[in-house]
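Each remark here refers to the structure printed beneath this line.
Quick note: numbers below take in every heavy atom, side chains included, and nothing from hydrogens, waters or symmetry partners. Positions are given from 1 along the sequence.
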Amino acid sequence: MRLLVIEDDARLADQLRRGFKAEGYATDCTGTAEDARWLATENDYDAVVLDIGLPDGDGFSLCADLRSMGRWAPIVMLTARTAVPDRIRGLDVGADDYVLKPFSFAELSARIRALVRRGAPERPSIVRAGPLELDRAQHAIRFHGRPLALSVREFALLELFMRRPNEVQTRAEIIEHVWDWAYDGTSNVVDWHVMALRQRLGSDPSAPRIETVRGVGYVLRPTGTDPAEVGAIGFG
């Protein structure tokens with residue numbers, strides 16, 4: 001396993017390097033955002049330890065940059081900033097964990113192990129389908145950069161579709177993910193909300209399409225998707 005430690009305190013960086021080395025990790029260390037961007041581009045790391053305060057930038061921007069570059073290795077932010085807004089900001093820009101200084105190396109190492117076990121699947125903070133963007137942290141939808149007003153339920157339904165493009169969702173699966181356990185109505189409620197969501201998206205040809213898979217459920221097709229390439233469907 002290979003780690004990237006981004007820490008401008010040379011003494012702390014060396015302590016982290018030696019600690020991780022003793023646990024069997026190959027560890028690269030850098031103290032600047034510029035070098036970190038280059039290293040993250042050139043190497044496939046299993047996890048990143050990122051200090052927020054860097055001499056040529058801040059960890060928040062660097063974290064967002066790494067995610068926008070498609071680097072999905074787990075990121076642990078390491079900082080003395082204790083304010084709740086800072087922690088929220090760090091997690092919202094793409095960090096997976098947030099450890100406050102001073103810290104226990106044993107705990108930091110355990111957190112790294114837990115994150116590495118989960119792997120590095122793609123998990124953008126802003127989900128896109130063509131010109132449609134969904135920002136979960138801001139609870140905002142934008143279409144061609146313009147805000148799109150949705151109800152809470154419509155937002156949740158669209159998020160489910162956008163995070164699983166070209167995957168057919170049955171009505172039962174949609175209810176399981178969008179409604180809570182106490183819901184005891186019929187699956188027709190899904191049809192009504194899908195109809196409303198289609199109306200919100202309008203008829204713009206660049207908008208993703210929510211298609212009906214007859215007898216099964218619904219599927220979101222991003223702009224330009226050829227249904228023949230992902231299986232025949234029926235419209236209802």
Are [X] and [Y] packed together at the side-chain level, in the sense that at least one heavy-atom pair is separated by less than 4.5 angstrom?
| X | Y | answer |
| --- | --- | --- |
| R18 | F105 | no |
| L197 | L150 | yes |
| L201 | L132 | yes |
| I52 | M77 | yes |
| S109 | E23 | yes |
| D204 | H144 | yes |
| L12 | D51 | no |
| R67 | I75 | yes |

Whether Y25 and F20 hold their rings parallel, tilted or perpendicular, with breakpoints at 30° and 60°: perpendicular
Under 3.5 Å donor-acceptor, [X] side chain and [Y] backbone:
| X | Y | value |
| --- | --- | --- |
| R37 | L62 | no |
| D56 | E34 | yes |
| R87 | T82 | yes |
| R198 | I210 | yes |
| R71 | N43 | yes |

Under the side-chain contact (heavy atoms from CB on, under 4.5 Å) rule, what do D191 and R171 come out as? Steps first, then yes or no, please. CA-CA 8 Å; D191 302 328; R171 289 171 176 82; 2.9 Å; yes
Considering non-hydrogen atoms only, spot the tightest contact between [X] and [Y] and give its length.
| X | Y | value |
| --- | --- | --- |
| A73 | Y45 | CB-O, 3.2 Å |
| I6 | A36 | CD1-CB, 3.5 Å |
| G90 | V93 | O-CG2, 3.2 Å |
| P222 | P208 | CA-CB, 4.0 Å |
| L50 | C63 | CD2-CB, 3.9 Å |
| V178 | R153 | O-NH1, 2.8 Å |

Inter-residue atom distance [X].[atom1] - [Y].[atom2], 0.5 Å rounding:
| X | Y | atom1 | atom2 | value |
| --- | --- | --- | --- | --- |
| Y218 | T170 | OH | OG1 | 11.5 Å |
| L3 | D46 | CG | CG | 7.0 Å |
| E173 | R164 | CD | CZ | 7.0 Å |
| L157 | L220 | CG | CG | 9.5 Å |
| R117 | I112 | CZ | CD1 | 11.5 Å |
| L115 | D97 | CG | CG | 5.5 Å |

Less than 4.0 Å between a side-chain N and a carboxylate O, is that true for R89 and D86? no
Thinking salt bridges, do D44 and R2 make one under a 4.0 Å N-O criterion? no
Verify same cluster id: [X], [Y] (apolar side-chain graph, 4.5 Å):
| X | Y | value |
| --- | --- | --- |
| M69 | W38 | yes |
| L39 | L54 | yes |
| F103 | V116 | yes |
| L91 | V49 | no |
| I126 | F155 | no |

Has K101 got more than 12 heavy atoms of other residues, nucleotides or ligands less than 6.0 Å from its NZ? yes
Take a 6.0 Å sphere around CD of Q138 and say whether it holds more than 12 heavy atoms from other residues, nucleotides or ligands. no
Side chain to side chain donor-acceptor pair (under 3.5 Å) assessment of S151 paired with R200: CA-CA 10 Å; S151 70; R200 301 279 195 193; 5.6 Å; no
Check the pair R142 / D135 against side-chain contact (heavy atoms from CB on, under 4.5 Å), numbers first and verdict last. CA-CA 8 Å; R142 291 178 289 272; D135 187 335; 3.8 Å; yes
